[in-house]
There are 4 protein chains.
Amino acid sequence: MNNAPNSITDKKQAILDSALSLFVEKGFNATSTASIAKTAGVATGTLFHHFPTKNDIMNQLFLSIKQEFANHMVNSIERCGDIETDANNLWQKAIDWAIAQPLKQLFFLQYSMSADIDTAVRKQAMTSILGFVVDLIEQGKQQGIIADFPSELLLENCHGQYLAAIRFFTDNPHLGDDKIHRNASFKLFWHAMKAQ
Amino acid sequence: MNNAPNSITDKKQAILDSALSLFVEKGFNATSTASIAKTAGVATGTLFHHFPTKNDIMNQLFLSIKQEFANHMVNSIERCGDIETDANNLWQKAIDWAIAQPLKQLFFLQYSMSADIDTAVRKQAMTSILGFVVDLIEQGKQQGIIADFPSELLLENCHGQYLAAIRFFTDNPHLGDDKIHRNASFKLFWHAMKAQ
Amino acid sequence: MNNAPNSITDKKQAILDSALSLFVEKGFNATSTASIAKTAGVATGTLFHHFPTKNDIMNQLFLSIKQEFANHMVNSIERCGDIETDANNLWQKAIDWAIAQPLKQLFFLQYSMSADIDTAVRKQAMTSILGFVVDLIEQGKQQGIIADFPSELLLENCHGQYLAAIRFFTDNPHLGDDKIHRNASFKLFWHAMKAQ
Amino acid sequence: MNNAPNSITDKKQAILDSALSLFVEKGFNATSTASIAKTAGVATGTLFHHFPTKNDIMNQLFLSIKQEFANHMVNSIERCGDIETDANNLWQKAIDWAIAQPLKQLFFLQYSMSADIDTAVRKQAMTSILGFVVDLIEQGKQQGIIADFPSELLLENCHGQYLAAIRFFTDNPHLGDDKIHRNASFKLFWHAMKAQ
DNA sequence: AATGAATGAGGTTTCATTCAT
DNA sequence: GATGAATGAAACCTCATTCAT
């Protein structure tokens, strides 16, 4: 009876895990609920017991991965005073995370702008979950370190450059540890953002 | 009688046009081949006479739009001597094109990284069609004007920033003519690329 | 409540039954999966839940009927000592079976050599299911009662003559009980097989 | 203008040839008119100019091959007085023909009893074209050499044994020249037919 | 909570046939 | 006679979802 007090059922997690790898490998629409259930080792009925809808799987998956990423980032923040150094640390942590989690990284690349995720959900992820990025940008601007461009434009640019960077390291996995490329990817980002 | 001397069948083009607007409006999978044919004013059989597969429509559409964009850009290149000015002109032309072609812009945003387009096709678009960007980058590097970062990384970053910019102007259409934002979007891009 | 303890789902059997009569009446290709499902009183989805493919229906149907025939024959074998009498009994039992099961008989005639059944399946039916015929032929040869011809040739000839006989009785149903024709059909067969 | 006075157009014959090999290789229904036209090197329109219907191709093909076979047989008849020898000669000629024309032989095996050929056409082939077999049987019966069984039954049995024989030699091509098997196949047939 | 047989609307694709050139 | 683009009905099959157990 007293199964470990798992807040999320084993089966539910198994379903999310299977969905992640199948969505990445085959795409959202080419993945049937039946195949997710089979891969997860549960019955179709069980799947729909946990997720009323196929889209719910996608939305929950998207939120949970974005949240996991945000948590990882927030926990990594440690100020040293020099804002460029701080930014570099954060950027490298973000790349590290992506390289360490290839599946989730590919998921980002494919679905960050896809129509398969509800607009509301994507908006929620952007604003509330990635809110810490907004905060950092605001602080940088007030200190005159980050360029005085419209904040929304800066945020979008941030996101765009991050996706570009991890796409590059995805296509060239052997460069994941290369100092030159890692450093260059940050420099590109930072030069764009910083006040001249 | 006097049917225009169509080099590409009228019907084939009509199918591509319909597919573009439907894919953007409803998404690839929510668009049935039947609805494409109906919108194009042809029979389903005709659609499959020109495109063996629904995916072929998508791939050809992607290539033709990328090509159209590349042609537009290449024709817009005019040197004035100052490379930053040249770059700015190009960048603004690219944004103009996106704003003038909302459907194709939205198509880019949704499908540039989607699994609905064959990997080979996307690769082809990047390398052969957008080759002129690569050329520009190489020249800039040789003249010491563009930062000495790995070219592939620079290209990917370029692409990422462009997508971010048009995404911003899509979400905020009223800012499409705003000098401040247009200028800022170029500055972000340029600061990233240029040698410091 | 008390659903019969069906070993093979009722629905699956209903599908096979409907397929049998439709395939015989209209031919394999003129029979749509939709019509099979409708006749069987199930949804199309149910049909494909049990048989992944329309061809699978055909193959399973073929095997099950051949098996049913083989079972009937094996159960009918009863030796009296005189081998010709035994053979006659078997032959008449086989004709009886065909006449009693007009649908299955017609199915044999139409599909025994059709390309609508996988080669592998037809081969399986010939060798493993109709193995008892092979056994009988071998015994007869060893006792010097059946002609010393290559066994494979004998088996094929057996099959061919049986099909010819039931085709004759199908085309002339009123002769099904006629002693002269029934006897002649056996004589033809037996004279071919027996050692002279 | 004065193209060689070919009674049958080259193209029409090309269509029949292509149909023969495709029907044998893929089956009637799995063969599209488009593929027949392509293989024959003509346009679809041309195909339908010569054959109003796909079924017409099949029917004409069936008749022409049966006729060709009948012609070959009739031309081969040469009496020597001994009826068994005559029958043997004919039988071996028939087998020879089948072995020399593997495609047409396979066509016989697949379609001799198929529903893809109109009943009327099959009946016509059986009665008028194969009429010479009927004649031979009648003569043999009157001379007391062939068993006094109902003629229709004898004809059907003949046909059945012939199909069985060529199926055997199809499945075992290396035995096509083997005296033992060739002789045995005739013996089986002849023992069945002859008066005891 | 878990199962998996059942559903049926809807999707993509095929194909015999037509017809204007 | 020859061509091949165009047609549209109809086929096979998929799949998200339900529900009785």
Side-chain angles (χ1 to χ4, degrees), chain A residues 3 9-12 15 29-38 40-57, chain B residues 1 3 6 9-12 15 29-38 40-57, chain C residues 1 3 6 9-12 15 29-38 41-57, chain D residues 1 3 9-12 15 29-38 40-57:
Chain A
N3 294 337
T9 330
D10 288 348
K11 307 224 170 194
K12 187 169 182 179
I15 291 167
N29 290 280
T31 300
S32 67
T33 52
S35 72
I36 299 174
K38 193 173 187 181
V42 304
T44 43
T46 307
L47 185 151
F48 282 92
H49 179 74
H50 289 289
F51 303 90
T53 278
K54 188 188 177 186
N55 276 291
D56 288 327
I57 305 180
Chain B
M1 299 299 161
N3 290 338
N6 42 9
T9 327
D10 291 344
K11 310 227 172 195
K12 186 169 183 178
I15 291 167
N29 278 275
T31 299
S32 68
T33 51
S35 72
I36 299 174
K38 194 173 188 179
V42 302
T44 35
T46 306
L47 186 152
F48 283 94
H49 180 70
H50 291 289
F51 303 90
T53 277
K54 189 187 177 186
N55 276 291
D56 287 326
I57 304 180
Chain C
M1 306 301 153
N3 290 340
N6 43 9
T9 328
D10 291 345
K11 309 225 171 197
K12 186 168 183 179
I15 291 167
N29 278 274
T31 300
S32 69
T33 51
S35 72
I36 299 174
K38 194 173 187 179
V42 303
T44 35
T46 307
L47 186 151
F48 285 95
H49 180 71
H50 290 289
F51 303 90
T53 278
K54 190 187 176 186
N55 276 292
D56 287 326
I57 304 179
Chain D
M1 298 303 153
N3 293 338
T9 329
D10 288 348
K11 305 224 172 194
K12 187 170 182 180
I15 292 167
N29 289 280
T31 300
S32 67
T33 51
S35 72
I36 299 175
K38 194 173 184 181
V42 303
T44 43
T46 308
L47 185 151
F48 281 92
H49 178 74
H50 289 290
F51 303 90
T53 279
K54 189 188 178 187
N55 276 292
D56 288 326
I57 305 179

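All figures in this text were calculated on a predicted structure; none of them were measured in a lab. Within every chain, numbering begins at 1; the chains are lettered A, B, ... in the order of the sequence lines, protein sequences first and strands thereafter.
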Scoring nucleotides 9-15 of chain F by protein non-hydrogen atoms under 4.0 Å (B base, S sugar-phosphate only, - none) yields B-SSBB-
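The NZ-C1' distance, from Lys38(B) to dT12(E), rounds to 17 Å in whole Å. Between the P atom of dC15(E) and the CD1 atom of Ile57(D) lies a distance of 14 Å, rounded to the nearest Å. Whole-Å rounding puts the Phe51(D) CZ to dA2(F) P distance at 12 Å. A straight line from CG of Leu47(B) to P of dT14(E) spans 12 Å, rounded to a whole angstrom.
Of the candidate nucleotides dG4(E), dT3(E), dT7(F), dT3(E) has the atom nearest to the side chain of Lys11(A).
The side chain of His49(B) places no N or O atom within less than 4.0 Å of a non-bridging phosphate oxygen (OP1 or OP2) of dC15(E). A sub-4.0 Å separation between OP1 or OP2 of dT7(F) and a side-chain N or O of Thr46(B) is present.
Side-chain atoms of Ser32(D) come within 3.5 Å of backbone N or O of Ser35(D) as a donor-acceptor pair.
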Writing each nucleotide of DNA chain F 5' to 3' as (, ), [, ], | or . by Watson-Crick or G-U pairing under 3.5 Å yields .||||||||||||||||||||
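Place Gly41(B) and His50(D) on DNA chain F by their nearest nucleotides, and His50(D) ends up nearer the 5' end.
One distance of note links CD1 of Ile57(A) with CZ of Phe48(A); it measures 6.5 Å at 0.5 Å rounding. Atom CZ of Phe51(D) is separated from atom CD1 of Ile15(D) by 5.5 Å, given to the nearest 0.5 angstrom. Rounded to the nearest 0.5 angstrom, Lys54(D) NZ and Leu47(D) CG are separated by 10.5 Å.
Taking every heavy atom of both residues into account, Ala34(A) and Thr44(A) meet most closely at CA-CG2, 4.0 Å.
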